[in-house]
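Working notes for the structure below.
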Amino acid sequence: MIYVGLTGWGDHDSIYTDLTNKNDKLKKYASYFPLVEVDSTYYAIVRQSTIQKWCSETPDSFKFVVKTHRFMTGHGDFRENYKSIRDVFNEFKEMLAPMVACGKLAYILMQFPPWYELNERNIKYIRMAKEMLAPLKVAIEFRNETWYQDEYKEQTIEFLHSEGLIHTIVDEPQAGVGSVPFVNRISDEIAFIRLHGRNVHGWTQKDRTSEEWRNVRYLYDYNKSELEWLEKQVQILKYKSKDVFIIFNNNSGGHAASNALEFIDALGIEYQDLAPKQLKLF
């Protein structure tokens, strides 16, 4: 099956034009898409009751990809709040228990930072992380180009395969350091693509504040020819994998939802188990 979704459900205004209660956004979102990536867990471990609420607001077949807390991928120092990194992993896993129990967790996403280069220490950490998250499925996203250098690319894919990890295929601007190429390869029966857009000029922070950078980094609207190219890549993956998961993350300008819906139409997909859409009375 091909699952298409977006990063988060809070900021996609184009699909909430007739929504009267902002607390119903996830229910409304689930009437358009069968998949969502949860990124709020990158900033904080949420309560199990919150996880249970998300599960109750979505159809039985709905799937969540959940991003790990920033401490788990080296985006912050775990010693700010925890005694050990293992405590962070344990709390994160415990948080997900209700989602696992109802069968709605697709897998976990570990997105490593641009400075996370290929070396023995980082390979060892990924192995350790996988063990601490077991038996849950884990996808790995690299943002440092050393993992895909010609002499290491095959070894990177083989490493992920041997560890039972999902290779995250990324479409992003090619802006030198901090960019990785589109490598349409799988390491697991699950294929996973994250689409960040192609805004080369906004991809690196340069002299921008963090807020200014967030507002432009994923500012991109995929055009028809680009979506057609991506469709061909997905068709290749479809014959090599059991399921293909696709996340549109190009939402700095609100383009993710429209691009994803256009992509679903191009693929000829008609999802049967979405949440019912509320009918307009007037």
Side-chain angles (χ1 to χ4, degrees), residues 37-39 41-43 45 65-96 105-194 196 203-205 217 237 240-241 245 247 249:
E37 179 183 299
V38 180
D39 61 351
T41 49
Y42 172 84
Y43 302 99
I45 303 293
V65 173
V66 182
K67 197 181 225 181
T68 52
H69 191 279
R70 61 192 180 91
F71 292 158
M72 298 164 69
T73 47
H75 288 88
D77 189 343
F78 68 85
R79 289 170 293 185
E80 294 175 15
N81 303 95
Y82 297 89
K83 292 182 179 179
S84 73
I85 190 62
R86 188 171 294 274
D87 290 339
V88 187
F89 276 81
N90 289 341
E91 194 170 307
F92 181 85
K93 276 185 71 175
E94 184 178 351
M95 171 194 76
L96 292 174
L105 176 66
Y107 46 86
I108 294 163
L109 169 62
M110 296 193 77
Q111 181 192 65
F112 288 98
W115 57 86
Y116 198 83
E117 63 184 6
L118 171 57
N119 59 46
E120 290 185 13
R121 178 183 179 184
N122 288 341
I123 291 171
K124 183 178 179 180
Y125 180 81
I126 291 172
R127 287 195 173 109
M128 181 186 72
K130 184 204 75 170
E131 293 300 325
M132 287 193 288
L133 289 169
L136 305 179
K137 291 287 291 184
V138 180
I140 302 294
E141 179 176 346
F142 295 117
R143 287 196 160 182
N144 184 286
E145 68 280 3
T146 57
W147 296 89
Y148 297 106
Q149 289 176 346
D150 290 343
E151 63 266 43
Y152 296 120
K153 181 172 67 175
E154 294 300 325
Q155 294 178 54
T156 293
I157 301 299
E158 177 54 34
F159 162 64
L160 296 174
H161 173 71
S162 65
E163 295 295 330
L165 297 164
I166 300 166
H167 172 234
T168 304
I169 303 161
V170 293
D171 186 67
E172 62 185 36
Q174 297 305 294
V177 177
S179 295
V180 298
F182 188 94
V183 178
N184 207 35
R185 299 280 300 280
I186 62 173
S187 59
D188 186 84
E189 63 180 6
I190 291 174
F192 181 35
I193 305 177
R194 297 186 79 225
H196 300 306
W203 188 243
T204 55
Q205 186 168 1
R217 191 174 195 197
L237 294 172
K240 296 182 177 181
S241 59
F245 290 78
I247 290 290
N249 188 41

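The residues of the chain are indexed from 1 along the displayed sequence.
For F182, the ring pair (Phe, Tyr, Trp, His ring centres under 6.0 Å) criterion is met by W229, not counting sequence neighbours. Remark: T73 engages H75 in a side-chain hydrogen bond (donor to acceptor under 3.5 Å, both in side chains) (not counting sequence neighbours). When the ring pair (Phe, Tyr, Trp, His ring centres under 6.0 Å) test is applied to F245, the partners found at least two apart in sequence or on another chain are Y3, Y107. With sequence neighbours excluded, the residues that form a ring pair (Phe, Tyr, Trp, His ring centres under 6.0 Å) with F71 are H69. Remark: Y116 pairs with F112 by the ring pair (Phe, Tyr, Trp, His ring centres under 6.0 Å) rule, at least two apart or across chains. For the side-chain contact (heavy atoms from CB on, under 4.5 Å) test, residues two or more places apart in sequence or in another chain that qualify with D87 are Y82, K83, S84. N249 is linked by a side-chain contact (heavy atoms from CB on, under 4.5 Å) to T7, R194, H196, Y218, counting only residues two or more places apart in sequence or in another chain. By the side-chain hydrogen bond (donor to acceptor under 3.5 Å, both in side chains) test, R79 pairs with D77, sequence neighbours left out. H161 pairs by the side-chain hydrogen bond (donor to acceptor under 3.5 Å, both in side chains) definition with nothing, not counting sequence neighbours. Taking the side-chain contact (heavy atoms from CB on, under 4.5 Å) definition, one finds that D150 meets it with nothing, sequence neighbours left out.
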(request) Give the C-alpha distance, both sets of side-chain angles, the deciding distance and a yes or no for side-chain contact (heavy atoms from CB on, under 4.5 Å) between W147 and N122. (result) CA-CA 11 Å; W147 296 89; N122 288 341; 4.3 Å; yes
(request) Begin from the C-alpha positions of N184 and L237 and carry the test side-chain contact (heavy atoms from CB on, under 4.5 Å) through to its verdict. (result) CA-CA 8 Å; N184 207 35; L237 294 172; 3.3 Å; yes
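For CD of E80, the number of neighbouring non-hydrogen atoms (other residues, nucleotides, ligands) closer than 6.0 Å is greater than 12.
The CD atom of E151 lies 9.5 Å from the OG1 atom of T146; values are rounded to the nearest 0.5 Å. Distance check, rounded to the nearest 0.5 Å: CD1 of I186 to CG of L160 gives 12.0 Å. With rounding to the nearest 0.5 Å, the separation of CZ in F92 from CD1 in I108 is 5.0 Å. Here the CE atom belonging to M110 is positioned 6.0 Å from the CG atom belonging to L133, to the nearest 0.5 angstrom. Remark: E154 CD to F159 CZ distance equals 15.5 Å, nearest 0.5 Å. Between N144 atom CG and S179 atom OG the span is 10.5 Å, to the nearest 0.5 Å.
Pairs engaging residues 155-169 under the salt bridge (Lys or Arg N to Asp or Glu O under 4.0 Å) rule: R127-E163, K130-E163 [sequence neighbours left out].
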Donor-acceptor list for residues 165-173 side chains, cut-off 3.5 Å, not counting sequence neighbours:
from, atom 1, to, atom 2, distance (Å)
H167, ND1, R185, O, 2.7
H167, NE2, Y148, OH, 2.8
T168, OG1, I140, O, 2.9
D171, OD1, R198, NE, 3.4
D171, OD1, R198, NH2, 3.1
D171, OD2, R198, NE, 3.0
D171, OD2, Y222, OH, 2.6
E172, OE2, V180, N, 2.7

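Formation of a donor-acceptor pair under 3.5 Å by the T41 side chain with backbone atoms of K67 is found in this model.
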